[in-house]
**Q** 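Okay, handing you the structure first.
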Amino acid sequence: MTQNTTLHAAFAGHVAAALDALEAAGTLPAGLSRNAVAVEPPRDPSHGDLATNAAMVLAKPAGTNPRALAEALAGELRKVPGVTGAEIAGPGFLNLRLDAAAWLDELRAIAALGADYGRSGFGGGTTVNVEYVSANPTGPMHMGHCRGAVVGDALATLLEFAGHKVTREYYVNDAGAQVQVLARSVHLRYKEALGIEIGGIPEGLYPGAYLVPTGHRLATHYGSRFVDAPDSEWLDLFRTEAVADMMAMIRDDLALLGIKHDVFSSEAELQAAGKPEEAEAMLRAHDLVYDGHLEAPKGKTPEDWEPVELPLFRSTKFGDDQDRPIRKSDGSWTYFGADLAYHYQKAASADALVDIWGADHAGTVKRIKAAVAALTGAEGRTVPFEVKLVQMVQLLRDGEPVKMSKRAGTFVTLADVVREVGKDVVRFTMLTRKPEAQMDFDFAKVVEASKDNPVFYVQYAHARICSTLRKGAAEGFAPSPEGLELLGEEELALVRLAAQFPRLVEAAAAAREPHRVAFFLYDLAAAFHGYWNVGNDRPEKRFIVAQDARLTGARLYLATQIGQLVRNGLALLGVEAVEEM
RNA sequence: GCGCCCGUAGCUCAGCAGGAUAGAGCACCAGAUUCCUAAUCUGGGGGCCAUGGGUUCGAAUCCCGUCGGGCGCACCA
């Protein structure tokens, strides 16, 4: 047992060892799958400290009855140090009771591990590439990007904590038509900066004032030489310059949320390096790309429709409606064509890929997953690739929907929202819902610093702990493990909850669901606030009991560790743990 | 029409790789503050887990159908 082995992990091991012993004794046939065996705290604490369903899930394949098997298992587990009871309940649950010392050891483990309590080797050091945000570099971040940004960032942090090596990646779509439009929009702003009357921004170009500084910069730098020049002379240059400015702006926006990517991959560079051609060749070799005709659009066929031959990916083999072109008729790459090459490239340097996408891209999941599976599978090295879809956020102000239109330039920028409600509130709010459920984001509710807002509830718990420790120190008390045996049932209940953090981290990482951390913190804060208030009615249950230094030291020790745990959890979410409120 | 996501208390949502009597907040009702931070806590009412089947020792959870809501169905990104 290493120091890092937490109580729950240790007991999962004890149950496994007990099953081994039963196998050795012939009570249990060897080789049964134990995938369904769980060791977890029972929902109802009166059932004990830990419960396992092992007897129920193994009884049938073992050809025995659950209660008999549970009885045998109980016999083994009663030998484990710290176990004070092993009872069979219901259809064959085995409920274990642990002595207080076992839980107090876990409290010491939190103290010993500090910020690393909950950190796990679960990921085995494998590399996970998390791609998130990847907003088009055509303007500042708006609220539509926010949820995916926060979820992706928290997930990346969580995976690191759970023992993966993580790359946080942003895919810059700097090669498509939209960045040509950006370049033309900037060209107008450039002329404007030189004092030329432009008379409004034409339909189809980006009207946002955020392009004005770029226009000025280019005017200062290049003077008037591109005013009347053909676009072949300035288009690429302006595109590159504008994208650079937009990305700088986006990086600033992300910084407001505490988000920093490790890698920014450029679609233009990817294409310049010939990566899509490589991918196409591989797919053709496996007959997954062929030259064919695209079906006419369903329903009304446009006047100018004529069948053209295009290189198509056989996505119908993977459940798609039709095969998808990887090049356009002018020979340039479609988004999909470049994107599959991009994912293939990512797969070369990672053991697993996770993409965070907006739900509006759900329709393209099948084809990209199919393409990546084909490309990596062709080399005999399949790289797991998950796409996590983040559902839409409806912005509300006092219950009324906030309309956003990018064309009209009326979208709500992320920077505005963060300025209005704060980074911590934005992040926590985005993480208090599972990502695949739609959510409302109401400014009025979200800024309310009250019980209705879980961020403050959790932060308040931390602030109370800090305050108590300050007060204790002022009165000459320091946290100390020496009197831990004085802690009673109410204190141990807090420890039991705290002890679940390590397994929660692993479960959340495995499911790629950082929101579970937020809910755990809420529960932990609730348990702490509840315990705190016991002291209102019963002064002898307060953290600081002036006449009993030993008890006070133990309680402050408990408070210190709960505070540490709140910090560890909030760190995973990227939310500050405030010391005063 | 097809694909993906969602449907749990009046409202907003949890429900941990099927597990024991379905949870929390808001709202409503009744309480707690000479006392470590009341931005807190305690208690109460309120549920055919949309619906109909299936799988099994056991289903809110897995599978199929139906209904309802959202998103998407381009050589766009």
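Proteins come first, then strands; the chains are lettered A, B, ... in the order of their sequence lines, and each starts at number 1. Every value quoted in this text rests on a predicted model; they were computed, and no experiment measured them.
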**Q** Give me the distances for all protein-to-nucleotides 6-12 of chain B N/O pairs that come in under 3.5 Å?
**A**
{"residue": "B/U12", "atom": "O2'", "partner": "A/R433", "partner atom": "NH1", "Å": "3.2"}

**Q** Identify each donor-acceptor pair in which a side-chain atom of residues 463-474 of chain A lies under 3.5 Å from a protein atom, sequence neighbours left out, and give them as a table.
**A**
{"residue": "A/R464", "atom": "NE", "partner": "A/Y460", "partner atom": "OH", "Å": "3.4"}
{"residue": "A/R464", "atom": "NH1", "partner": "A/H529", "partner atom": "ND1", "Å": "3.0"}
{"residue": "A/T468", "atom": "OG1", "partner": "A/R464", "partner atom": "O", "Å": "2.7"}
{"residue": "A/R470", "atom": "NH1", "partner": "A/E579", "partner atom": "O", "Å": "3.2"}
{"residue": "A/R470", "atom": "NH2", "partner": "A/E579", "partner atom": "O", "Å": "3.4"}

**Q** Rounded to whole Å, please give me the gap between OH in A/Y531 and C1' in B/A38.
**A** 18 Å

**Q** Under 4.0 Å between any heavy atoms, over every strand shown, what does A/N65 touch: base, sugar-phosphate, or nothing? Just pick one.
**A** nothing

**Q** Checking A/Y290 against A/D323: is there a side-chain donor and acceptor pair closer than 3.5 Å?
**A** yes

**Q** Could you tell me how far apart A/L521 (CG) and B/C13 (P) are, to the nearest whole angstrom?
**A** 20 Å

**Q** B/C26 P sits how many Å from A/D442 CG, rounded?
**A** 17 Å

**Q** Considering only B/A20, B/G72, B/A74, which nucleotide approaches the side chain of A/H47 most closely?
**A** B/A20

**Q** So A/V57, base contact, sugar-phosphate only, or nothing? Heavy-atom distance under 4.0 Å.
**A** base

**Q** Among B/A20, B/U40, B/A17, find the nucleotide with the atom closest to the side chain of A/Y457.
**A** B/U40

**Q** Is there side-chain contact between A/L58 and A/L19, with at least one heavy-atom pair below 4.5 Å?
**A** yes

**Q** Where the side chain of A/P91 is defined as all heavy atoms beyond and including C-beta, which of B/G19, B/A20, B/C71 is the nearest nucleotide?
**A** B/G19

**Q** So, A/Q178 versus A/T138: side-chain donor-acceptor pair below 3.5 Å or not?
**A** no

**Q** A/H361 stacking on B/A77: centroids under 5.5 Å, ring planes under 30°?
**A** yes

**Q** Given A/R284 and A/D291, is the side-chain contact (heavy atoms from CB on, under 4.5 Å) satisfied, shown in steps?
**A** CA-CA 9 Å; A/R284 278 185 189 274; A/D291 294 314; 2.9 Å; yes

**Q** When we call it a touch if two heavy atoms are under 4.0 Å apart, what does A/Q459 touch: a base, just sugar-phosphate, or nothing?
**A** nothing

**Q** What is the distance, to the nearest angstrom, from the CZ atom on A/R512 to the C1' atom on B/A17?
**A** 13 Å

**Q** Without decimals, in angstroms, what is the distance between A/W532 CH2 and B/U40 C1'?
**A** 9 Å

**Q** For A/F519, answer base if it contacts any base atom (sugar-phosphate contacts may also be present), sugar-phosphate if it contacts only those atoms, and nothing otherwise; contact means non-hydrogen atoms under 4.0 Å.
**A** sugar-phosphate

**Q** Considering just the side-chain nitrogens and oxygens of A/H293, establish if one lies under 4.0 Å of OP1 or OP2 belonging to B/C75.
**A** no

**Q** Scan A/D523 against the nucleic acid and name what it touches under 4.0 Å (heavy atoms): base, sugar-phosphate only, or nothing.
**A** nothing

**Q** Hey, what's the ring geometry for A/H145 with A/H142, parallel, tilted or perpendicular (30° and 60° as the breaks)?
**A** tilted

**Q** Could you check whether the rings of A/H343 and A/F385 sit parallel, tilted or perpendicular, using 30° and 60° as the cut-offs?
**A** tilted

**Q** Looking at A/N53 and B/A20, is any side-chain donor or acceptor paired with a base atom of the opposite kind under 3.5 Å?
**A** no

**Q** Counting Watson-Crick and G-U wobble pairs with both distances under 3.5 Å, what is the dot-bracket string for RNA chain B, 5' to 3', using [ ] for crossing pairs and | for pairs to another strand?
**A** (((((((..((((.....[...)))).(((((.......))))).....(((((..]....))))))))))))....

**Q** Heavy atoms only, 4.0 Å cut-off, all strands: where does A/S332 land among base, sugar-phosphate and nothing?
**A** nothing

**Q** Under the criterion of centre distance below 5.5 Å and interplanar angle below 30°, is A/F93 classified as stacked on the base of B/G19?
**A** no

**Q** Quickly work out the A/H515 NE2 to B/C16 P distance and round it to whole Å.
**A** 9 Å

**Q** For the side chain of A/R367, counting heavy atoms from C-beta on, which of B/C36, B/G25, B/A77 is nearest?
**A** B/A77

**Q** Is the backbone N or O of A/E131 less than 3.5 Å from a side-chain atom of A/D355, with the two atoms forming a donor-acceptor pair by type?
**A** no

**Q** From the list B/C75, B/A32, B/A22, which nucleotide is the closest neighbour of the side chain of A/V308?
**A** B/C75

**Q** Report the relative orientation of the aromatic rings in A/W532 and A/F543; use parallel for angles under 30°, tilted for 30 to 60°, perpendicular for over 60°.
**A** tilted

**Q** Expressed in angstrom and rounded to an integer, what is the separation of A/Y460 atom OH from B/A39 atom P?
**A** 5 Å

**Q** Does a nitrogen or oxygen in the side chain of A/S467 sit under 4.0 Å from OP1 or OP2 of B/U37?
**A** yes

**Q** Rounded to whole angstroms, how far apart are CZ on A/R542 and P on B/U37?
**A** 10 Å

**Q** Is the backbone N or O of A/Y170 less than 3.5 Å from a side-chain atom of A/S134, with the two atoms forming a donor-acceptor pair by type?
**A** no

